[in-house]
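My questions all concern the structure below.
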Amino acid sequence: MLLKAYIASGLVAVAAAKVCSVKPLGAGKDDTDRVLAAIDACGTNGFTSFAPGTFNITRKMTWTLNNAIVDLRGTLSFLPDVTYWLNASNTYRVVDIQSQASWFVVTGKNFVIDAHGTGGIDGNGQTWWDYFATRTRLDGDGRPIAFTLFEAQDAIVRNFKIFAQPFWCNTAAKSARVVYDGMTCNATNTNPTYAGQNIVPNTDGINTYRSDRITMLNWDITCGDDCLAIKGNSTNIIAKGITCRGGNGIAIGSLGQYVGQPDIVENVTMQNLRMLRLPTQVQPNMKNGVYLKTWTGSVTGTPPTGGGGGGGRVHNLVARNVSLDRVDFPVHLYQTNSGHSADAPSQLAFSDLRFEDWTGSVTTSNKLVDIECSPAVPCPGVRFDNFAVPPPSGQAPRFICVNVVDEVGLPAPCNATGLP
Ligand SMILES: *[C@@H]1O[C@H](CO)[C@@H](O)[C@H](O)[C@H]1NC(C)=O
Ligand SMILES: *[C@@H]1O[C@H](CO)[C@@H](O)[C@H](O)[C@H]1NC(C)=O
Ligand SMILES: *[C@@H]1O[C@H](CO)[C@@H](O)[C@H](O)[C@H]1NC(C)=O
Ligand SMILES: *[C@@H]1O[C@H](CO)[C@@H](O)[C@H](O)[C@H]1NC(C)=O
Ligand SMILES: *[C@@H]1O[C@H](CO)[C@@H](O)[C@H](O)[C@H]1NC(C)=O
Ligand SMILES: *[C@@H]1O[C@H](CO)[C@@H](O)[C@H](O)[C@H]1NC(C)=O
Ligand SMILES: *[C@@H]1O[C@H](CO)[C@@H](O)[C@H](O)[C@H]1NC(C)=O
């Protein structure tokens with residue numbers, strides 16, 4: 001049997017010598033052994049098919065896929081047992097940034113996971129959000145990432161649905177040449193006790209880290225945090241056709257959290273982006289369009305919760321064709337994340353940032369652009385083209401540029417106060 005699949009670089013043939021098919025066992029049963037056995041048998045040079053239905057996954061799971069295709073028509077439902085998963089020995093810690101936990105890791109080379117718009121992951125997040133509604137949440141506290149690609153190369157993830165991620169929805173770490181085409185993440189609180197509150201923080205659509213050539217096409221993300229978060233050493237990133245429903249918007253960062261480990265973000269192309277505000281009772285936040293953030297130049301505490309002092313650069317980013325539905329702040333750049341007034345300025349340098357073809361609406365602030373670069377490394381090459389987001393009615397727009405070497409293209413001057 002010969003199966004063909006489109007990998008980032010072209011058509012790749014996967015010689016599927018082995019075929020495995022798995023059906024869910026049914027309510028009350030544990031599917032983890034059978035799922036892992038199928039991947040063990042057919043995850044190398046093979047084809048694995050998971051039938052529609054719900055697979056009950058009760059422990060951490062790694063899929064190693066080499067020259068493989070997985071048809072995932074069913075849903076991997078992760079046991080809603082918060083205290084079990086919070087025990088560090090029950091998750092992986094392969095995502096170095098902020099020591100985040102993973103319950104499901106996919107690794108390997110030359111593979112396709114096609115979920116056909118029906119399959120994917122159920123994170124059973126409501127249990128988690130309720131649990132943490134009255135507890136402190138910290139980075140690295142063990143809340144698991146729903147779907148982790150780690151050391152994955154030449155891979156396609158297609159038409160994949162993730163429902164109720166407890167924490168980050170996706171992470172691509174130490175990976176290269178991955179195309180995600182069709183991804184849904186939906187962290188929506190349905191407990192009336194918390195209506196109108198954001199009890200789904202940290203449910204980011206994806207964090208990319210130490211990865212090259214990650215392409216995200218046709219994403220639909222409902223969350224209470226960053227829709228996309230492009231973190232340190234993400235290079236040659238493409239995001240196209242991204243709908244963000246609620247949350248903080250699209251983030252570059254945070255960067256510069258780890259002193260001595262420079263973060264390099266270069267060549268980021270994002271286009272056809274939509275930011276949509278949800279009804280307040282469902283999700284109160286729709287904060288930014290695109291925002292960029294670094295820690296300060298001082299080290300305060302240690303990661304995952306503290307840090308700062310890391311250098312590096314963000315170079316060559318474009319955000320094109322962006323439509324905003326009642327966001328608070330369309331464009332924001334700041335280098336004072338978790339900072340204090342006496343901190344040293346960040347050494348992480350931004351250059352060549354372009355914002356083209358922006359439309360839509362804001363909520364109540366007239367601060368349409370607020371780019372506050374570090375005095376240590378002022379930003380050259382900030383370009384706007386057809387930035388047509390109007391201020392709230394009856395107000396003049398404010399465009400703020402601090403330590404920006406040269407800005408062109410805004411319809412009014414951009415300077416330190418934004419006020420004439
Ligand atoms: C999942 O499997 C466990 C046994 O490990 C079982 O107790 C539980 O009821 C199952 N859950 C579902 C939804 O079937
Ligand atoms: C954490 O899980 C390990 C392995 O299952 C177990 O040995 C240990 O007792 C657990 N720790 C706690 C605090 O429950
Ligand atoms: C997300 O889930 C909520 C709750 O189940 C649902 O009401 C909403 O329609 C879903 N959003 C999308 C975009 O499917
Ligand atoms: C990023 O890449 C540079 C150059 O390869 C390396 O020096 C740096 O440590 C990396 N940083 C991180 C956060 O991995
Ligand atoms: C960014 O793109 C340029 C032009 O294609 C390329 O020369 C450069 O190597 C890329 N940077 C990285 C870090 O890959
Ligand atoms: C701009 O993005 C929207 C989706 O938000 C898309 O429908 C439209 O075709 C895009 N326009 C262009 C010129 O690509
Ligand atoms: C900001 O721009 C306005 C209009 O050009 C100008 O009057 C004002 O002096 C500028 N303020 C600063 C602090 O540069």
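Numbering of ligands and ligand atoms starts at 1, following listing order.
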Check whether more than 12 heavy atoms from other residues, nucleotides or ligands sit under 6.0 Å from atom NZ of Lys60, and answer yes or no. yes
Take atom 8 (C) of ligand 6 and look for protein heavy atoms under 4.0 Å from it; say yes if you find one, no if not.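 Looking at atom 8 (C) of ligand 6, one finds that a protein heavy atom does lie closer than 4.0 Å.
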To which of Asn267, Asn233, Asn316 does the heavy atom nearest atom 6 (C) of ligand 5 belong? Asn267
Numbering as shown, the atoms of ligand 5 that approach Glu266 to under 4.0 Å (heavy-atom distance):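 Ligand 5 atoms under the 4.0 Å threshold to Glu266: 1 (C), 10 (C), 11 (N), 12 (C), 13 (C).
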Which option wins on minimum heavy-atom distance to atom 2 (O) of ligand 1: Asp33, Asn56, Asp30, Thr58?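 Nearest option to atom 2 (O) of ligand 1, by heavy atoms: Asn56.
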Check whether the SG atoms of Cys379 and Cys373 are less than 2.5 Å apart, and answer yes or no. yes
Ion pair present between Asp96 and Arg210, side-chain N to carboxylate O less than 4.0 angstrom? yes
Test: Asp33 and Arg59 ion pair at under 4.0 Å: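 Arg59 and Asp33: salt-bridged.
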Could you check atom 5 (O) of ligand 6 against the protein and tell me its nearest heavy-atom contact, residue, atom and distance included? Arg274 CG, 3.0 Å
What part of Asn236, side chain from CB on, backbone N/CA/C/O, both or neither, has a heavy atom under 4.0 Å from ligand 5?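 Side chain only.
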Please check whether Asn321 reaches ligand 6 - meaning an N/O of the residue sits under 3.5 Å from an N/O of the ligand, judged on distance alone.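 Yes; the residue has a nitrogen or oxygen that sits under 3.5 Å from a nitrogen or oxygen of the ligand.
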Is the shortest distance from a Lys or Arg side-chain nitrogen in Asp357 or Arg320 to a carboxylate oxygen in the other one below 4.0 Å?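 Looking at Asp357 and Arg320, the cut-off is not met.
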Among all the protein's non-hydrogen atoms, which is closest to atom 14 (O) of ligand 1, and how far away is it?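 For atom 14 (O) of ligand 1, the nearest protein heavy atom comes out as Gly28 N, 2.8 Å.
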Under-2.5 Å SG separation for cysteines Cys223, Cys169: no
If you measure every N or O of Leu79 against every N or O of ligand 1, does any of those distances drop under 3.5 Å?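 Looking only at distances, the answer is no, because the N/O contact criterion of under 3.5 Å is not met.
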Taking all non-hydrogen atoms of both residues, which atom of Pro80 and which atom of Thr127 are closest, and how far apart? CB-OG1, 3.7 Å
